[in-house]
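Below is one structure; the comments refer to it alone.
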There are 2 protein chains.
Amino acid sequence: MNSILDQLMLNFPLDKIDMELLQSKIKTKHVAKGEILQMKGELSNNFYFVKQGLLRSYVIDDNGKEHIFMFAPEGWIIADNVSNAIQVPSELFIDALEASEIEICNKHFFEEAMAQHSQVVAVSTKKLINRMAVLQRRVIMLMSASAMQRYEHFLETYPNIVQRVPQKMIASYLGITPEALSKIRGGMTRKK
Amino acid sequence: MNSILDQLMLNFPLDKIDMELLQSKIKTKHVAKGEILQMKGELSNNFYFVKQGLLRSYVIDDNGKEHIFMFAPEGWIIADNVSNAIQVPSELFIDALEASEIEICNKHFFEEAMAQHSQVVAVSTKKLINRMAVLQRRVIMLMSASAMQRYEHFLETYPNIVQRVPQKMIASYLGITPEALSKIRGGMTRKK
DNA sequence: CTTATTTATTAATCTAGGTTAATGCACAAG
DNA sequence: CTTGTGCATTAACCTAGATTAATAAATAAG
């Protein structure tokens, strides 16, 4: 699971020729902490697979505040699917929270892979659906759960992210201020 | 655009035989106002195309409160895509806000259509992506915009829905109480 | 037409979370 | 070692929106 091709091959076999062809279209890159891969307003064509490290996507609102949209640790793919699919300028920034090693494949990689292997369609549709499930739960959470409930849910769902990023970023993901998160955490540990 | 088949045919031609085959799998149904098509906890297999009327999907949270997830007026498809795709119990209820005429197709309809016409894959992927774009914007809105900004955005985006549903449902969609929405509206009209 | 039920509005009060600001800590950089 | 920059915590205060409740208006049901 150290490459995007490994992920594809979990779902169906690829012969050597196909593999080499596909591999040739994937660029591996080392990015420094803080390096920006994609900016709002750009037309995005890339998917980023995280071999090592941690990326995030986020928006900056009218008041200049960041809101983290997703974290992508090892083994995850991060992208602005909307911009990739319908060629509309990206809403999202993508950058590295840690020095990372990533694979970059542009959308033509997937298009070709789909043309060659009909199963790729099913796999990538499933990934889209999973992503949608996350967004769906997130909307419901934002509408119906308190900040503390959202934090607890985050801890359960992404226990390994919590230790790796500053708390203000978790606050940003949850849609609250760092001060509010600090208060919540204080209250929670005091109770135990 | 009065049938789900018309929607598909906007994107590519179908011959008569295919059309009749597909048509035979679509059930047309009249539903009364308030009729429930799908309950939380059920395994969903259906997509609903609205020929006439208005449907909605929503969740009920732990405190028994409804949160509307989407409205579907004429020409829209509404479904729990997540439950359909990965066969997990549905989070969502779907019911009719007006007496409606709908077409029900179960997911095998799409699976067959995809098998017969590779273009259906592209069309339905595009629909998924559009749905994702809506969710993406909604998450961003819920995290960064005030209730009033969200209401204004709703008015711009769905001007035709506003007159057709009780305001408490718009409040439910926005993630606020009916009282708060009433206050916002009062303030807005007074200013003009 | 009359009655019952849902809906919208308004007002009084309360609270989760925002804002501002000060303090202490952990580092990274010189 | 000193200085600076970013992060976490705490506290005082503020505000958007929730809650509760009462009333009026609109819809539905008998």
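Quick note on labels: first sequence line is chain A, next is B, and so on, each numbered from 1. FYI, side chains are in, hydrogens and waters are out, and symmetry mates aren't considered; it's all heavy atoms of this structure.
- Side-chain contact, B/S44 with B/N84: a donor N or O sits under 3.5 Å from an acceptor N or O.
- Within the structure, ring pair (Phe, Tyr, Trp, His ring centres under 6.0 Å) pairs that include any residue of residues 82-115 of chain A comprise A/F47-A/F110, A/Y58-A/F93 (at least two apart or interchain).
- Contact check, A/R185 against D/dA8: no side-chain N or O comes under 4.0 Å of OP1 or OP2.
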Which pairs would a plain distance check flag for residues 62-72 of chain B, meaning a side-chain donor or acceptor within less than 3.5 Å of a matching protein atom at least two apart in sequence or in another chain?
| from | atom 1 | to | atom 2 | distance (Å) |
| --- | --- | --- | --- | --- |
| B/E66 | OE1 | B/R56 | NH1 | 2.9 |
| B/H67 | NE2 | B/D61 | OD2 | 2.8 |

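- Rounded to an integer number of Å, the gap from B/R150 CZ to D/dA16 P is 13 Å.
- In this structure, A/M148 places its CE atom 15 Å from C1' of C/dT15, rounding to the nearest Å.
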In a table with atom names and distances, give each donor-acceptor pair under 3.5 Å that connects a side chain of residues 141-151 of chain B to protein atoms at least two apart or in another chain.
| from | atom 1 | to | atom 2 | distance (Å) |
| --- | --- | --- | --- | --- |
| B/S144 | OG | B/I140 | O | 2.8 |
| B/S146 | OG | B/Q149 | N | 3.2 |
| B/S146 | OG | B/Q149 | OE1 | 3.4 |
| B/Q149 | OE1 | B/S146 | N | 2.8 |
| B/R150 | NE | B/A145 | O | 3.3 |
| B/R150 | NH1 | B/L174 | O | 2.5 |
| B/Y151 | OH | B/R185 | NH1 | 3.3 |

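- When atom types are taken as modelled, the side chain of B/S172 and the backbone of B/K168 share no donor-acceptor pair closer than 3.5 angstrom.
- For A/F154, the ring pair (Phe, Tyr, Trp, His ring centres under 6.0 Å) test picks out A/Y158, A/Y173, with sequence neighbours left out.
- Remark: C1' of C/dT9 and CG of B/L181 are 11 Å apart, rounded to the nearest angstrom.
- Taking atom OH of residue A/Y151 and atom C1' of nucleotide D/dA8, one finds them 12 Å apart after rounding to whole Å.
- Side-chain polar atoms of A/S100 and A/Q52 form no donor-acceptor pair below 3.5 angstrom.
- Residues of residues 161-176 of chain A having a heavy atom closer than 4.0 Å to DNA chain D, listed by number: A/P166, A/Q167, A/K168.
- In this structure, a donor-acceptor pair under 3.5 Å is absent between the side chains of A/N2 and A/E74.
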Between the protein and nucleotides 19-27 of chain D, are there any N/O to N/O pairs under 3.5 Å, and if so, what are the atom names and distances?
| from | atom 1 | to | atom 2 | distance (Å) |
| --- | --- | --- | --- | --- |
| D/dT19 | OP1 | B/K65 | NZ | 3.4 |
| D/dT19 | OP2 | B/K65 | NZ | 3.1 |

